Visitor: 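Below is a structure I'd like to ask you about.
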Amino acid sequence: MIETIYIARHGFRLNWVTTNWTSATGTARDPTLAAYGVTQAEQLAKHFASLPESDRPTAIFSSAFYRCLQTATPVATALNLPLYVEHGEYKRTTGIGEWYSPVEPGTGLHPRPGNAHSLKQYFPLIDTSYSSTWLVSRYGESLEEVQRRTDGFLEAFIPRVEGGDPAPLAHHGSSGVSTHKKIILIGHAASCITLIKSLAGSKVDGADIRIGTCSVTRMEKESEGGVLGAFKVVGQLADASFLTNGVERDWGFRDILVDETTGRVINDHGVPGSENEVDETSHGGLLIPTSKM
C-alpha cells in the first residue's frame with residue numbers, strides 16, 4: 001500500500017532568465033531548466049538522499065515536460081532509481097503535466113510533450129516499459145476540469161502502483177504485487193496544487209496553496225480505503241527549507257487571470273501552426289486503458 005507520496009515541483013526555468021532559448025526537444029513552450037534550476041534539482045536530490053532509508057521513495061514518476069525530467073534525474077541518480085514518465089504512449093500527454101487554460105477558439109491547441117521512447121535519448125534513466133495512466137486535453141482546462149483530471153488520475157494511478165494492471169516493474173514482491181510504499185510525483189505548480197488538494201480533500205484550501213520551485217510536500221495516508229481525501233500533509237506544505245534560497249517563484253491559482261464578468265479563467269492561445277490538428281482526447285482528458293505486460 002502507498003503510505004507516503006512526495007509531491008515536488010520542477011526547478012527554475014530557463015525562460016525566466018532569458019527570452020533567447022530554444023526547446024531541447026522541439027516541443028513548444030517546453031524550456032529546459034536554467035543553470036540555477038539545475039542547482040536546485042541537485043539540492044532536491046541531496047534532500048531525498050539525506051532521508052532515513054525507511055523514508056526514501058522507491059519510485060519516481062515525472063511529467064513528460066523537459067524541465068520536470070531534468071529535475072527528476074538527479075533525484076533518480078541519487079536514489080539509484082529509474083524514471084517512470086506519465087506521458088501517454090500513444091497520444092503523448094500526461095496526467096500530472098502542465099495546466100493550460102482553455103484555448104481561444106481558432107488559435108490551435110496547446111503543446112504535447114514527447115513519449116518515453118523519444119525522451120529516453122535525453123534522459124537515459126527513463127524506463128520505457130511503464131505505460132502512462134491519463135491523457136490531458138490539448139484544448140486546455142477550466143479550474144474545475146484540472147481538479148477533476150487530477151482526481152481521476154489518482155484514482156486510476158494509485159491502484160496501478162499498488163499492484164494493479166500493470167504495476168511498475170521494479171520493487172515487486174514474491175507474489176508479483178508491488179511493494180512500493182513511498183513514491184515521488186514531480187510536476188508543475190498547478191498539478192502539485194491539485195494533487196495536494198485531491199489527496200487531502202477538505203483538509204486544505206487549494207486556492208490558498210502556493211508552490212515554489214523544487215519545493216516538496218509530504219503526504220501521508222491516514223485512512224483506509226480509497227485515495228481522494230485519504231492523505232494529510234506532514235510537515236511544511238511546499239517545503240523549501242533545504243534549498244539555498246528557500247521559496248522562489250511560488251505560484252498559486254489566485255495568480256491566474258479571471259474574467260471579471262463571468263468569473264472564469266481567461267482563455268489562452270494555442271501553439272501557432274496547430275490550428276488544423278485534432279486532439280483525440282477531446283475536452284477533459286482521457287483515462288488510458290491498461291493491459292497485462
Side-chain angles (χ1 to χ4, degrees), residues 7-16 21-34 37-38 41 60-76 82-103 108-141 145-146 149-150 152-153 156-157 184-192 194-195 213-214 268-274 277-288:
I7 300 171
R9 185 187 177 193
H10 62 75
F12 211 91
R13 294 162 49 155
L14 182 60
N15 65 319
W16 292 339
W21 65 274
T22 57
S23 169
T25 62
T27 300
R29 302 173 188 170
D30 189 19
T32 64
L33 295 180
V38 174
I60 304 173
F61 300 86
S62 174
S63 162
F65 283 87
Y66 199 95
R67 56 193 177 275
C68 294
L69 288 164
Q70 203 174 1
T71 301
T73 293
V75 180
L83 289 176
Y84 296 120
V85 182
E86 265 298 321
H87 61 279
E89 182 63 27
Y90 172 57
K91 299 183 180 70
R92 302 188 304 167
T93 46
T94 169
I96 57 174
E98 183 67 288
W99 170 70
Y100 294 103
S101 58
V103 288
L109 301 175
H110 290 307
R112 56 174 45 155
N115 62 29
H117 291 278
S118 69
L119 292 166
K120 189 175 177 66
Q121 63 183 303
Y122 309 103
F123 303 102
L125 292 179
I126 289 175
D127 184 340
T128 58
S129 65
Y130 174 78
S131 61
S132 196
T133 305
W134 196 270
L135 303 178
V136 179
S137 172
R138 293 184 66 199
Y139 293 102
E141 301 163 295
E145 287 171 335
V146 67
R149 176 241 290 191
T150 307
F153 163 73
F157 169 76
I184 311 174
L185 300 176
I186 296 181
H188 311 260
S191 60
C192 287
T194 56
L195 285 166
T213 51
C214 270
D268 196 4
H269 283 194
V271 176
S274 65
E277 294 181 19
V278 176
D279 179 23
E280 301 90 336
T281 63
S282 186
H283 296 272
L286 176 68
L287 173 66
I288 304 174

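Small disclaimer: the values here were computed from a predicted structure and weren't measured. Reckoned from all heavy atoms, side chains included, excluding hydrogens, waters and symmetry mates.
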Visitor: Search all heavy atoms of E86 against all heavy atoms of Y130 and return the closest pair with its distance.
Guide: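 Smallest heavy-atom distance, with atoms named: OE2-OH, 2.5 Å.
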
Visitor: Identify the two heavy atoms, one from I96 and one from I186, that lie closest to each other, and give their separation to 0.1 Å.
Guide: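 Shortest heavy-atom contact: CD1-O, 3.8 Å.
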
Visitor: Hey, does the side chain of D30 reach the backbone of S23 with a donor-acceptor pair shorter than 3.5 angstrom?
Guide: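 Flag not set: sc D30 to bb S23 has no pair under 3.5 Å.
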
Visitor: Taking all non-hydrogen atoms of both residues into account, name the closest pair between R149 and G97 and its distance.
Guide: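 In this case the closest contact between R149 and G97 is NH1-O, 3.3 Å.
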
Visitor: What distance do Y139 atom OH and L109 atom CG have between them, rounded to the nearest 0.5 Å?
Guide: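 Interatomic distance, Y139 OH to L109 CG, rounded to 0.5 Å: 5.5 Å.
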
Visitor: Is there a donor-acceptor pair closer than 3.5 Å between any side-chain N or O of T71 and the backbone N or O of G11?
Guide: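 Flag set: sc T71 to bb G11 pair under 3.5 Å.
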
Visitor: Does S63 use its side chain to pair, donor to acceptor, with the backbone of G187 at less than 3.5 Å?
Guide: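 Judged by distance alone, no pair lies under 3.5 Å.
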
Visitor: Closest approach of L69 and A64, non-hydrogen atoms and distance?
Guide: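 Taking every non-hydrogen atom into account, CD1-O, 3.7 Å.
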
Visitor: As an exercise, state the distance from CZ of R13 to CZ of R67, rounded to the nearest 0.5 Å.
Guide: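 Atom-to-atom, R13:CZ and R67:CZ are 4.0 Å apart.
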
Visitor: Grab the two heavy atoms, one from L33 and one from V38, that are nearest each other, plus how far apart they are.
Guide: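 For L33 and V38, the tightest heavy-atom pair comes out as CD1-N, 3.9 Å.
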
Visitor: Measuring from T150:OG1 to F157:CZ, what's the distance to the nearest 0.5 Å?
Guide: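 T150 atom OG1 to F157 atom CZ measures 12.5 Å (nearest 0.5 Å).
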
Visitor: Looking at every non-hydrogen atom in both residues, tell me the closest pair between K120 and T128 and how far apart they are.
Guide: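 Result for this residue pair: CD-CG2, 3.7 Å.
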
Visitor: Please report the C-alpha distance between W99 and T194 in whole Å, then the side-chain angles of each, then the deciding distance to 0.1 Å, and finally whether the side chain to side chain contact (heavy atoms under 4.5 Å, CB included) criterion is met.
Guide: CA-CA 10 Å; W99 170 70; T194 56; over 6 Å; no

Visitor: Parallel, tilted or perpendicular: which fits the ring planes of W16 and H10, with parallel below 30° and perpendicular above 60°?
Guide: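 Tilted: the ring planes of W16 and H10 meet at 30° to 60°.
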
Visitor: As an exercise, state the distance from OG of S62 to CG of L125, rounded to the nearest 0.5 Å.
Guide: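 The CG atom of L125 is 11.5 Å from OG of S62, to the nearest 0.5 Å.
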
Visitor: How far does CG of D127 sit from CD1 of I60, to the nearest 0.5 angstrom?
Guide: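 Spacing of CG (D127) from CD1 (I60) equals 12.0 Å.
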
Visitor: For the atom pair OG1 (T32) and CG (N15), what is the distance rounded to the nearest 0.5 Å?
Guide: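 T32 atom OG1 to N15 atom CG measures 8.5 Å (nearest 0.5 Å).
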
